> 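My structure is below; once you've seen it, I'll send some questions.
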2 protein chains.
Amino acid sequence: MSGGSTPIRLLLADDQALVRGALAALLSLEEDLTVVAEVGRGDEVVPEARRSAPDVALLDVEMPGLDGIAATAALRAALPTCRVLVVTTFGRPGYLRRAMEAGASGFVVKDTPARQLADAVRRVHAGLRVVDPTLAAETLAAGVSPLTERETEVLRTARGGGSVADLARALHLSEGTVRNHLSAAIGKTGARNRADAIRVAEQNGWLLGE
Amino acid sequence: MSGGSTPIRLLLADDQALVRGALAALLSLEEDLTVVAEVGRGDEVVPEARRSAPDVALLDVEMPGLDGIAATAALRAALPTCRVLVVTTFGRPGYLRRAMEAGASGFVVKDTPARQLADAVRRVHAGLRVVDPTLAAETLAAGVSPLTERETEVLRTARGGGSVADLARALHLSEGTVRNHLSAAIGKTGARNRADAIRVAEQNGWLLGE
DNA sequence: TCCCGGCCGTGACATTTGTCAGGGGCCAGG
DNA sequence: CCTGGCCCCTGACAAATGTCACGGCCGGGA
């Protein structure tokens, strides 16, 4: 409820132009909201925010240049008064955790009804936290990543789909070491394959970082 | 360009409620367009279309229940006068081909600027075809799937991530046969791994069918 | 008719992948 | 200081995956 005061200024970041524009249309229907900027890449968020001074930024997680989590952190550092609402396709448990750690005020999946989005924005702007309850539960259940730093790194590199020899070369490790890290990751994820392990880790958002 | 006549009736199908609602908002801004139905599953398209009699249906490809391609075919069979515009996240070359074969009139990726969507809808309604030109080129380049029926089936099953023994049991084949089909698929896709082959095939839209 | 080419199915073989036991470095607690 | 725990690294071994050559089946030309 705006109360007739100046509207809440919004920045939208999503790599899909159509979705971005559609969200802008949706939010512009609200009297108390106004979209002041749109970007399609994570690394454009901070520069554009500096120029347009939004009150709330809606960031997608999957973006070229810089993922939404990293963009959140960068934006919080650059403009501490600007709140962040992460809006993402995938309800990966780890995403939520990482987003909150990075300083986001809210986390919404694209499955949520359209009518709730505007309210989420208002709540975030008011300083409240907005989190999908079922997703929060999952996050608790999934817990923090059990993978060690090296294991994550190897797994992340393995996503590209090379042989052990390739990975060893890329990471400057012995093949045996790579195999061992992979084996450990497989064990910890409960998978039986390298491919499986990658999928599980990805679904839990354990492969995000740099 | 409505000309004051009755507006074009639209049906929206997308599994992400937020995107669906946002698209509705975007399209409702146009004088000559009206959204008469929204569904979140592929198998709800035909029943809902029967009830609401849309002129144009905007279908996502990735949907639960029935994928957008199959939904296109079903809709064309049930209501031949209703045109179909496929709106999808991924510009997989094979998707376009399959969509057109299934009777779609247009194919748009979610990367396209929001302003063009309404025009695409109007063109489709007017009986024209709408296709992303760069994507069309890719489709030509990628060509039709080189995979044989069995190979596709094996690869599709392998997506779940089981061992050769699992696949053999699921498909009632010898392990050697499964290995052979996989090997052939790996060769044809130019991959060096099973996982790689799956990715390539998926990216080209070769794993769609039933 | 016969032959040719493609697809399917199969087993033996080489290669890759995953497991295991173990050594070295580092840090926190006793 | 020593000790225990954790992580990183490595090589040898077992298990899985991928390659190959082969035979049967079917349909479309010579």
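The chains referred to below are lettered A, B, ... by the order of the sequence lines, with proteins before strands, and numbering in each begins at 1. These figures come from a predicted structure and were not determined experimentally.
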> Using modelled atom types only, decide if a donor and an acceptor are shared between the side chain of B/T112 and the backbone of B/V109 within a distance under 3.5 Å.
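Confirmed, B/T112 side chain pairs with B/V109 backbone.
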> Which nucleotide, D/dG18, D/dC8, C/dG18, lies nearest any side-chain atom of B/L182?
D/dG18
> I need the residues from residues 190-201 of chain A with at least one non-hydrogen atom less than 4.0 Å from DNA chain C; give them sorted by number, or say none.
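Listed by number, they are A/N193, A/R194.
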> Roughly how far apart are B/I8 CD1 and B/L27 CG, rounded to 0.5 Å?
10.5 Å
> Considering every strand and a 4.0 Å limit on heavy-atom distances, what is the contact class for B/T148: base, sugar-phosphate, or nothing?
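The residue B/T148 makes sugar-phosphate contact but no base contact.
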> Assess, by modelled atom type and distance only, whether the side chains of A/S163 and A/D166 contain a donor and an acceptor separated by less than 3.5 Å.
yes
> So how far is it from B/E101 CD to B/L96 CG, rounded to the nearest 0.5 Å?
9.5 Å
> Of all residues at least two apart in sequence or in a different chain, which pass the salt bridge (charged side-chain N to carboxylate O under 4.0 Å, His left out) check with B/R129?
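Scan of B/R129 (salt bridge (charged side-chain N to carboxylate O under 4.0 Å, His left out), adjacent residues dropped) gives none.
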> Given atom CD of A/E151 and atom P of C/dG18, what is their separation to the nearest angstrom?
14 Å
> Between B/R179 and B/E149, which is nearer to the 5' end of DNA chain C once each is assigned its nearest nucleotide?
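This one resolves to B/E149.
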> Any chance you could measure A/E30, atom CD, to A/R115, atom CZ, to the nearest 0.5 Å?
9.0 Å
> Hey, does B/R150 reach any base, or is it just sugar-phosphate, or nothing, if we go heavy atoms under 4.0 Å?
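Sugar-phosphate only.
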> Please round to the nearest 0.5 Å and tell me the distance separating atom CG of A/L85 and atom CG of A/L11.
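Spacing of CG (A/L85) from CG (A/L11) equals 12.0 Å.
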> Please identify each residue that fulfils salt bridge (charged side-chain N to carboxylate O under 4.0 Å, His left out) with B/R159, with sequence neighbours left out.
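Salt bridge (charged side-chain N to carboxylate O under 4.0 Å, His left out) list for B/R159, sorted by chain: B/E202.
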> Anything under 3.5 Å between a protein N or O and an N or O of nucleotides 21-26 of chain C, put it in a table, one pair a line.
none

> Do the side chain of B/N204 and the main chain of B/W206 share a donor and acceptor less than 3.5 angstrom apart?
no
> Give me the residues of residues 163-178 of chain B where at least one heavy atom lies under 4.0 Å from an atom of DNA chain D, by number, or none.
B/S163, B/V164
> Sort and list the pairs that fulfil side chain to side chain donor-acceptor pair (under 3.5 Å) and have at least one residue in residues 185-199 of chain A, not counting sequence neighbours.
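Sorted pair list: A/E151-A/K188, A/D196-A/R199.
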> Please report, rounded to the nearest Å, how far the P atom of D/dG18 is from the NZ atom of B/K188.
16 Å
> State the OG-CZ distance between B/S105 and B/R123, to the nearest 0.5 angstrom.
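Rounded to the nearest 0.5 Å, the OG-CZ separation comes out at 13.5 Å.
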> If I take atom NE2 in residue B/H181 and atom C1' in nucleotide C/dG6, what distance separates them, rounded to the nearest angstrom?
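Interatomic distance, NE2 of B/H181 to C1' of C/dG6: 13 Å.
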